[in-house]
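Right, one structure below, let's go through it.
Since we're looking at a predicted model, the values are computed, not measured. For this chain, numbers begin at 1 and follow the sequence in order.
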Amino acid sequence: MKAIKLASIFAVSAVAAAVSTTTMAAEAVISGEAGVEYVITDGTNELDGTDLGELELSVDTGVVYAELEIATSGADEGTTIGMEKLYVKQGAVSFGRFDGSLATGAFMGMDEIGYTGIDLNTTESDDTDNTGIRYAVTPELTVSVESTASTTTDDSDIGVALSYVADMDGLKVGVSGGSVGDSSSVNVGAQTTIDALTLSVNYGTGELSGADASEVGFSVAFAASEALTLTLQVANDLEAEETGTYFVGAYTVGDLTYYVENYTGDGVTYTDGTTKVGVTASF
């Protein structure tokens with residue numbers, strides 16, 4: 001019996017070692033973008049080949065997920081390195097650093113314009129990206145404990161957030177929100193795809209460090225062909241009474257994507273009156 005027990009222990013240890021080796025041997029995935037664009041503004045126009053550069057390193061061991069972004073700063077040979085995500089995964093639970101709050105999870109299709117829902121921001125220590133503990137209750141519902149960073153005079157604020165997004169036969173609807181310190185938010189969104197059209201409508205409201213905040217977002221993306229995509233996004237900051245519009249046309253041939261982008265409006269979270277014409281390659 002002792003030999004069988006001992007053999008069993010060795011077998012279990014061998015399996016554990018094999019799993020551990022396989023886990024830690026996960027290969028890194030490297031992706032990025034490079035290109036050149038001409039930026040047309042009301043001020044100084046510029047032919048730019050540095051700000052577009054970006055390299056992203058993603059590693060998933062099955063237990064730890066890490067995402068490191070290396071980008072040009074715009075200066076000659078300038079480089080910025082940022083840890084976008086770094087968290088541990090244990091079944092339905094994950095904890096560590098996430099890129100963004102669950103509070104904005106229901107805001108859909110507005111990534112380009114800068115309005116992505118009412119986030120959990122505080123004046124003292126900004127957002128809750130740095131620390132979170134998430135639990136996936138169901139594939140649609142995730143809840144979290146999130147915290148802001150501490151300052152020289154204040155402890156970090158600890159709060160909660162949730163996101164519920166359900167896909168019902170081509171119609172995706174969701175609600176998300178949360179509260180931390182003196183900030184809170186509720187965001188609702190809906191998205192549907194009809195043939196080549198993808199339509200998104202969103203609304204967010206809340207308080208950021210005690211100040212009222214609310215915004216509305218609308219997006220339509222049209223896949224004119226396999227190569228050509230046209231996107232229009234309109235956002236309105238209801239409290240500041242500011243509206244902005246973003247348009248992009250992108251045409252892909254082989255490894256290259258040619259594009260025209262235009263930003264107009266009086267919003268403060270994106271560049272006003274700017275047109276960009278460029279070409280990029282992604283890898």
Side-chain angles (χ1 to χ4, degrees), residues 51 54-59 64-75 78-90 93-107 110-136 142-163 175-188 202-215 217 235 237-242 244 266-272:
D51 291 347
E54 178 181 291
L55 187 149
E56 191 170 85
L57 174 67
S58 302
V59 179
V64 175
Y65 180 81
E67 192 171 293
L68 182 70
E69 182 182 79
I70 305 170
T72 58
S73 64
T79 300
T80 59
I81 301 176
M83 182 63 72
E84 295 291 313
K85 301 175 184 177
L86 183 61
Y87 57 86
V88 178
K89 302 185 295 181
Q90 291 291 291
V93 178
S94 55
F95 52 90
R97 173 185 169 80
F98 299 91
D99 186 12
S101 167
L102 278 185
T104 60
F107 224 79
M110 297 295 295
D111 295 342
E112 300 293 347
I113 205 167
Y115 279 96
T116 54
I118 304 301
D119 205 344
L120 294 182
N121 290 331
T122 62
T123 302
E124 296 79 10
S125 54
D126 202 29
D127 55 36
T128 60
D129 282 20
N130 283 338
T131 307
I133 304 172
R134 297 184 175 184
Y135 175 62
T142 302
V143 298
S144 68
V145 174
E146 301 180 4
S147 73
T148 63
S150 63
T151 67
T152 55
T153 57
D154 295 308
D155 296 334
S156 63
D157 289 319
I158 300 175
V160 294
L162 65 83
S163 174
V175 58
S176 61
S179 176
V180 61
D182 55 358
S183 296
S184 61
S185 70
V186 175
N187 295 284
V188 293
N202 304 277
Y203 173 72
T205 185
E207 291 188 357
L208 301 180
S209 294
D212 290 340
S214 57
E215 62 186 57
D237 185 328
L238 299 177
E239 298 299 326
E241 297 183 350
E242 296 175 337
D266 48 11
V268 295
T269 59
Y270 49 90
T271 307
D272 297 337

Minimal non-hydrogen separation, [X] against [Y], with atom names:
X	Y	value
Arg134	Ser144	CG-CB, 3.7 Å
Ala235	Met110	CB-CE, 4.0 Å
Leu102	Ser163	O-CB, 3.5 Å

By side chain to side chain contact (heavy atoms under 4.5 Å, CB included), which residues pair with Val143, not counting sequence neighbours?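 Side chain to side chain contact (heavy atoms under 4.5 Å, CB included) check on Val143 returns Tyr135, Val137, Leu141, Leu162.
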
Which residues pass the side chain to side chain contact (heavy atoms under 4.5 Å, CB included) test with Ser101, sequence neighbours left out?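 Residues passing side chain to side chain contact (heavy atoms under 4.5 Å, CB included) with Ser101: Ala103, Asp119, Leu120, Thr128, Glu146, Ala161.
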
Is any side-chain heavy atom of Thr148 closer than 4.5 Å to one of Val180?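 Yes. Closest side-chain heavy atoms under 4.5 Å.
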
How many angstroms lie between [atom1] in [X] and [atom2] in [Y], if you round to the nearest 0.5 Å?
X	Y	atom1	atom2	result
Glu69	Leu57	CD	CG	11.5 Å
Asp99	Met83	CG	CE	12.0 Å
Glu84	Glu67	CD	CD	6.0 Å

Asn130: partners by side-chain hydrogen bond (donor to acceptor under 3.5 Å, both in side chains), with sequence neighbours left out: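 Expected list: Arg97.
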
In chain order, what residues pass the side-chain hydrogen bond (donor to acceptor under 3.5 Å, both in side chains) check against Thr104, with sequence neighbours excluded?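 Residues passing side-chain hydrogen bond (donor to acceptor under 3.5 Å, both in side chains) with Thr104: none at all.
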
Mark yes or no for whether Asn187, through its side chain, and Ile118, through its backbone, hold a donor-acceptor pair below 3.5 Å.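 Yes, because the side chain of Asn187 sits within donor-acceptor range (under 3.5 Å) of the backbone of Ile118.
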
Evaluate the side-chain contact (heavy atoms from CB on, under 4.5 Å) criterion for residues Leu86 and Val64: first the C-alpha distance (whole Å), next the side-chain angles of each, then the deciding distance (0.1 Å), finally the verdict. CA-CA 7 Å; Leu86 183 61; Val64 175; 4.2 Å; yes

Do any side-chain atoms of residues 202-214 form donor-acceptor pairs under 3.5 angstrom with protein atoms, and if so which ones, sequence neighbours left out?
residue	atom	partner	partner atom	Å
Asn202	OD1	Met108	N	2.7
Asn202	ND2	Met108	O	2.7
Ser209	OG	Thr123	N	2.6
Ser209	OG	Thr123	OG1	2.9
Ser214	OG	Glu239	OE2	3.1

Applying ring pair (Phe, Tyr, Trp, His ring centres under 6.0 Å), can you list everything that pairs with Tyr65, at least two apart in sequence or on another chain?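 Listed in chain order: Tyr87.
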
